[in-house]
Amino acid sequence: MKARVFQYLPLCVFLLAACGPTASRSPADAITFDTLKALDDFEFATAGDGKPGEWSIIENDAGRVLAQIDTDPADNRFPLAIYRPFSGHDVYVSARFMTISGETDQAAGVFVRLASVDDYYVACASALENNVGLYRVVAGKRAMIGYMEVNVSGQAWHTLGIAARDERLTIFFDGRELFVAIDRRFPGPPGKAGLWTRADSMTWFENLTIGSLY
């Protein structure tokens, strides 16, 4: 599965381009889930209501993935997988995911600038609603700051990315730029990045790529 990281280099190029002609990046952390040891680099948390998320590495036809498998349907429930080794402010994050099931939602997300489980930005894709949205979460309350309708097929692989540089947040889906939002809510210190789901979404993540912009 490690060889597949090269499939996502074009997405990283798009992310850098979105951040302006003077943007550079540090070497990225390209995380796959080949072994259980990969879980050691993550802290798992749940914001909002309902039961804690249940994250596990499971086998599928393509190999091993990190999966959120608990199906508590609480609408305001957000399981997070927080990548421990990285913290940054101007960052890019992308993931390859597949939504498997869910009645309340079938969602996958990537977050940046996480100061706590109640304070961060998240880009999320929903297979039930066929859209990609960008949210600012402050004190546990979500506010949408960007949105686009797009075909998010369930039980199919997609890529989702966010590039955050200063107040500019650029969202990507399946290798193309969807939209740009400007927001100045989180100008402060570096924050964590990682993976996100909602409610009873059973979602598989094949990989996660995280790097700094400067």
Side-chain angles (χ1 to χ4, degrees), residues 5 7-12 14-16 18-19 25 28-33 38 41-47 53 55 65-68 78-99 105-117 119-127 129 131-137 142 144-148 150 152 157-165 168-181 183 186 190-199 201 203-213:
V5 172
Q7 295 179 22
Y8 313 114
L9 289 179
L11 178 59
C12 293
F14 285 131
L15 292 171
L16 293 174
C19 295
R25 68 180 176 95
D29 287 352
I31 304 106
T32 57
F33 303 103
D41 286 333
F42 288 86
E43 174 185 351
F44 300 100
T46 303
W55 296 83
V65 298
L66 178 63
Q68 200 298 120
F78 307 106
L80 300 96
I82 305 165
Y83 186 58
R84 297 177 191 270
F86 180 88
S87 185
H89 185 266
D90 291 342
V91 301
Y92 66 93
V93 180
S94 67
R96 189 171 191 244
F97 72 90
M98 179 189 292
T99 60
D105 205 351
Q106 296 180 21
V110 289
F111 63 81
V112 297
R113 296 182 183 172
L114 181 136
S116 75
V117 295
D119 301 275
Y120 55 92
Y121 289 116
V122 60
C124 52
S126 171
E129 299 177 358
N131 62 43
V132 172
L134 172 64
Y135 293 85
R136 177 205 310 121
V137 182
R142 291 192 304 159
M144 181 182 287
I145 56 176
Y147 166 89
M148 181 171 287
V150 63
V152 184
W157 289 108
H158 301 282
T159 57
L160 177 67
I162 178 172
R165 182 172 175 82
R168 180 185 176 94
L169 301 133
T170 306
I171 307 304
F172 300 85
F173 184 74
D174 284 349
R176 66 186 180 96
E177 180 181 320
L178 290 187
F179 59 86
V180 176
D183 190 82
F186 292 121
K192 293 295 186 179
L195 302 168
W196 177 102
T197 68
R198 175 174 175 257
S201 303
T203 305
W204 294 355
F205 294 94
E206 187 184 60
N207 60 37
L208 173 65
T209 301
I210 302 176
S212 294
L213 301 172

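Here, residue 1 is the first one in the sequence, and each next residue gets the next number.
- For the atom pair Leu134 CG and Thr170 OG1, the distance stands at 9.5 Å (nearest 0.5 Å).
- Not a single donor-acceptor pair under 3.5 Å links the side chain of Asn207 to the backbone N or O of Thr32.
- Side chains of Asn131 and Tyr147 form a contact here, defined as non-hydrogen atoms less than 4.5 Å apart.
- For the residue pair Ser126/Asp105, the side-chain donor-acceptor check at 3.5 Å is satisfied.
- Qualifying side chain to side chain donor-acceptor pair (under 3.5 Å) partners for Arg136, counting only residues two or more places apart in sequence or in other chains: Asp183.
- Under the side chain to side chain donor-acceptor pair (under 3.5 Å) criterion, Ser87 pairs with no residue at all, not counting sequence neighbours.
- Side-chain contact between Tyr135 and Cys124 is present, with at least one heavy-atom pair separated by less than 4.5 Å.
- Between Ile145 atom CD1 and Phe179 atom CZ the span is 8.0 Å, to the nearest 0.5 Å.
- Every residue meeting the ring-ring contact (aromatic ring centres under 6.0 Å, His included) condition with Phe44, not counting sequence neighbours, appears here in chain and number order: Trp55.
- Contacts of Ala47 classified as side-chain contact (heavy atoms from CB on, under 4.5 Å), with partners at least two apart in sequence or in another chain: Phe78, Leu80, Val117, Asp118.
- For Ala38, the side-chain contact (heavy atoms from CB on, under 4.5 Å) partners two or more places apart in sequence, or in a different chain, are Phe33, Ile57.
- In this structure the side chain of Phe97 reaches within 4.5 angstrom of the side chain of His158, judged on heavy atoms.
- How far CZ of Phe86 is from CD1 of Ile31: 9.5 Å, rounded to the nearest 0.5 Å.
- Between the side chain of Gln68 and the main chain of Thr197, no donor-acceptor pair closer than 3.5 Å is present.
- Taking the ring-ring contact (aromatic ring centres under 6.0 Å, His included) definition, one finds that Tyr83 meets it with Phe42, sequence neighbours left out.
- Scanning for side chain to side chain donor-acceptor pair (under 3.5 Å) contacts around Glu43 gives an empty result, with sequence neighbours left out.
- Legend: residues meeting side-chain contact (heavy atoms from CB on, under 4.5 Å) with Gln106, ordered by chain and number and at least two apart, are Thr99, Ala127, Leu128.
- Remark: Asp90 engages Arg113 in a side chain to side chain donor-acceptor pair (under 3.5 Å) (not counting sequence neighbours).
- The main-chain N or O of Asp174 is found under 3.5 Å from a side-chain atom of Thr159 such that the two form a donor-acceptor pair.
- At least one donor-acceptor pair closer than 3.5 Å links the side chain of Lys192 to the backbone N or O of Arg84.
- The CD1 atom of Ile171 sits 7.0 Å away from atom CG of Leu160, with the distance rounded to the nearest 0.5 Å.
- The backbone N or O of Ala107 sits less than 3.5 Å from a side-chain atom of Ser201, completing a donor-acceptor pair.
- Residues forming a ring-ring contact (aromatic ring centres under 6.0 Å, His included) with Tyr121 (at least two apart in sequence, or on another chain): Phe186.
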